[in-house]
Structures are given as structure tokens and as C-alpha cells.
Amino acid sequence: MNHQGAKRWLFISIAIAVGISLFSDQFNRYYLGIAIDCGIAIILATSLNLVNGHTGQFSLGHAGFMAVGGYAAAKFSLVVVPLTPPELQPLIFVAALILGGLLAALAGLIVGVPSLRLRGDYLAIVTLGFGEIIRVIVQNMESVGAASGLKGIPKFTTFGWTFVLVGITIYVIASLVNSTYGRGFIAVNDDEVAASSMGINPVRYKVTAFVAGAFFAGIAGGLYAHHKQFLAPTGFDFFKSVDIVVMVVLGGMGRTAGVVLAAILLTLLPEFLRQFSDYRMIIYALLIIGLMLLRPQGLFTLSGKKKGAKA
């Protein structure tokens, strides 16, 4: 996706968000909640796509960054909102999201600097371990509810907030990748050794991608916390990270539009399978396996595109 395409996504998402927000009271709350879930999934998948798709790494710890952002934003709101007049509470929500994103980015920096000298399976194992460390820490922290979860989080997340942030996420990541600096991500993805010989520092670009991806995962975590109004450590386990990776792979690595469509599809699919309550996760897993066998290059990848041309 080029810079102009990213601008279109930004304007379209803001227009849709504002338009639907004006009439949100007339929509079914269940369907509105599913739409918000889709928006959060898009942010998570697009941010991971910067790391796994554009930079060519393999992270399995994205749920850990989401947890950091979610718990930080939720705790900030729980402490500050009771002391704040109602008219200023939207500003508190924005501050909570930014705080969650920054702390997730800091976590990304901490785990990224020592681990991103690794490649492939080794990096996947390190990021998987990081995600599990975060889950175990929050599971044993009484200040955030420990294993019983964090309750009573204010309901601030709306369709409007979610899809404005979807547009901003897509715009920022697409603009970064298509900038002069962002060409380094593609170079590291294509051939790390050749990139090094041309004077590009692969570790620097990997860490930048990791931190930026973690920041937006933290934003998604804050939205999720203020949407569900409850956080539990089990919601950020290994399987959550795998779900996000599947969205990226299914949409086509490095293909922003494909990843967005895959995030929507994989969020809606379990809802359509609710009528098969006893077997829905088995059916869901079989559908994913079938899709990956039939379209290993990604369901929404355009055939004939060159590797360097990202849709």
C-alpha cells in the first residue's frame, strides 16, 4: 500500500467512524461490539505485519505487548477517572491509550534490543517466552486483580474511537514503510546480509519495527480493556498471539489490505460458527488449515505481484 492508499484508508475510516458514531444508538449493541472487535483485530494484525511481514521477522509475543498496554491503560483509568469531572474523561481515555502504547513500546525495546540479533525459530522462541513472562507477571500481581482479573474498567471504547485509531495505525505504518527510511525494512526482509553490505544496520531496523509494532499493540490493548471492561491473564496467552500471526499469514505477509481483510474474516468467523457451539473451534481450526493448504501465499495475496511490491 502506497502513501496515497494509506491516506485513503485514513479518510475513509474516519468518515465511517464519525458517520456511524452519530447514529450508534440506533444500531444493535451486539453487532456494534463485533465491529469494535474487528477494529481492534485490524490494529493488532497491521502492527504485527510491520514486524513479520515487512521486516521479515517472526514474533510470537504480540499478545504480551497487548497485555502491557491493556493493563496499563485500564489501571490508569481506574485510578484517575474517579478524580476527574465527566467532561474531561475523554481526555483521560486518550491519555490512558497513549500511556499503554508507550509502556508497550518500552517493553518492545527491552525485549527487542537483546533478542533481535537472533533470526527465525530462535527469535520466535524468545518472543514466545516474553509473552508468557508478561502473562505470569500479571497473573500474580494483586494490584491488577491477579488470576481473578481486573474488573470495573470504564466503558470508553466506541466505534468512533476504534476506527479513527484503525485509520491512524494503517496510515502511520504504511507511511513509515513507504518512506525513504522505511525502505530499510524491505531491504532487511529481502536479504539481511546484502542490506548489511550496503551500510544498513539490520538490528536497528528490526528494533524500530518491533517498538512501533508494540506501541500499536499497546493501543489495541487499551481499546480492548475499555471495551470489554474486564481483563484476565488467560486472554493474553500463547493462543492469542497465534491468532494474530494467523491473520498476518492468511492475509499475505506484508500486504496491508489483505491483513485487514483477514483480521475481519477471522474475527467474524467464530461468531458465524456459534450455532455449532460444541464443535465451532474444531470447525474454525479445520477451515484455517484448509485455507493455508489451498492458499499458502495468503488468501488475499494478488498473484503476479513481485515480492518487493507490497499491496
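Just so you know, residue 1 is the first one in the sequence shown, and it goes up from there.
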Checklist entry - Should side-chain heavy atoms under 4.5 Å link Ile, Leu, Val, Met, Phe, Trp and Tyr, which residues sit in the same cluster as L88? => result L91

Checklist entry - Yes or no on side chain to side chain contact (heavy atoms under 4.5 Å, CB included) for V245 and F58, after CA distance, side-chain angles and deciding distance? => result CA-CA 9 Å; V245 171; F58 190 63; 4.0 Å; yes

Next on the checklist: Checking Q229 against T157 for the side chain to side chain contact (heavy atoms under 4.5 Å, CB included) test, could you report, in this order, the C-alpha distance in whole Å, the side-chain angles of both residues, the deciding distance, and whether it holds?
Outcome noted: CA-CA 9 Å; Q229 298 182 272; T157 300; over 6 Å; no

Checklist entry - About how many Å separate CG of D237 and CD of E132, when rounded to the nearest 0.5 Å? => result 7.0 Å

Next on the checklist: Under 4.5 Å between side-chain heavy atoms, counting indirect links through other Ile/Leu/Val/Met/Phe/Trp/Tyr residues: same cluster for I34 and F230 or not?
Outcome noted: no

Checklist entry - Is the shortest heavy-atom distance from the side chain of F93 to the side chain of L97 under 4.5 Å? => result yes

Next on the checklist: Is there a side-chain contact between Y224 and L231 in this structure, where contact means two heavy atoms from C-beta onward sitting under 4.5 Å apart?
Outcome noted: yes

Checklist entry - With the 4.5 Å side-chain cut-off for hydrophobic clustering, are Y31 and L268 part of the same group? => result yes

Next on the checklist: Hydrophobic clustering (ILVMFWY, side-chain heavy atoms < 4.5 Å, transitive) - are V136 and I125 grouped together?
Outcome noted: no

Checklist entry - Would the F216 and F65 ring centres measure less than 6.0 Å apart? => result no

Checklist entry - Rounded to the nearest 0.5 Å, how far apart are CZ of F215 and CG of L102? => result 5.5 Å

Item to check | Pair L48-L44, side chain to side chain contact (heavy atoms under 4.5 Å, CB included): steps then yes or no | outcome: CA-CA 6 Å; L48 183 62; L44 288 167; over 6 Å; no

Checklist outcome for this item: Tightest non-hydrogen contact, residues V144 and L150, listed as O-CB, 3.5 Å

Checklist outcome for this item: Closest non-hydrogen contact found for A217 with S47 is N-OG, 4.0 Å

Checklist entry - Are I200 and Y205 side-chain neighbours, meaning at least one heavy-atom pair lies under 4.5 Å? => result yes

Item to check | Side-chain donor or acceptor of K155 paired with backbone N/O of H226 under 3.5 Å | outcome: no

Checklist entry - Looking at side-chain heavy atoms only, is the closest gap between I219 and T169 below 4.5 Å? => result no

Checklist entry - Shortest non-hydrogen contact from T127 to A124? => result OG1-O, 3.0 Å

Next on the checklist: Surrounding OH of Y30 (heavy atoms of other residues, nucleotides or ligands, distance under 6.0 Å), is the total greater than 12?
Outcome noted: yes

Next on the checklist: Can you tell whether the side chains of D190 and R183 come within less than 4.0 Å, N to carboxylate O?
Outcome noted: no

Checklist entry - Just by modelled atom types, is the V172 backbone N or O under 3.5 Å from a matching donor or acceptor in the S175 side chain? => result no

Item to check | Non-hydrogen atoms of T162 and G39 that approach each other most closely | outcome: CG2-CA, 3.7 Å

Checklist entry - Looking at CG of L78 and CD1 of I153, how far apart are the two atoms once the value is rounded to the nearest 0.5 Å? => result 6.0 Å

Item to check | Within-4.5 Å side-chain heavy-atom neighbours: T208 and Y181 | outcome: yes

Checklist entry - Any chain of hydrophobic side-chain contacts (each under 4.5 Å) joining F239 to M247? => result yes

Checklist entry - Do N52 and M253 have side-chain heavy atoms sitting under 4.5 Å apart? => result yes

Next on the checklist: Show the nearest heavy-atom pair for residues A96 and A73, with the distance to one decimal.
Outcome noted: O-CB, 3.3 Å

Checklist entry - Nearest 0.5 Å, what's the CG-CD1 distance between L60 and I244? => result 10.0 Å

Checklist entry - Should D243 and L266 count as side-chain neighbours, where that means a heavy-atom distance under 4.5 Å? => result no

Checklist entry - How many angstroms lie between atom NZ of K240 and atom OG1 of T234, to the nearest 0.5 angstrom? => result 11.5 Å

Next on the checklist: Under the criterion side chain to side chain contact (heavy atoms under 4.5 Å, CB included), I'd like the reasoning laid out for L128 against S241: C-alpha separation, chi angles, the key distance, then a yes or no.
Outcome noted: CA-CA 8 Å; L128 171 61; S241 289; over 6 Å; no

Checklist entry - Can any side-chain N or O of T55 pair as donor or acceptor with the backbone N or O of L50 at less than 3.5 Å? => result yes

Checklist entry - Distance-only, no hydrogens or angles: does the N189 side chain make a donor-acceptor pair with backbone N or O of H54 under 3.5 Å? => result yes

Checklist entry - Listed by chain and number, what are the side chain to side chain contact (heavy atoms under 4.5 Å, CB included) partners of V81, not counting sequence neighbours? => result S77, Q89, I92, P154, F156

Checklist outcome for this item: Residues A95 and F76: closest non-hydrogen pair is CB-CE2, 4.0 Å

Checklist entry - What distance do I168 atom CD1 and I173 atom CD1 have between them, rounded to the nearest 0.5 Å? => result 12.0 Å

Checklist entry - Is K75 close to M141 at the side-chain level, that is, under 4.5 Å between some pair of heavy atoms? => result no

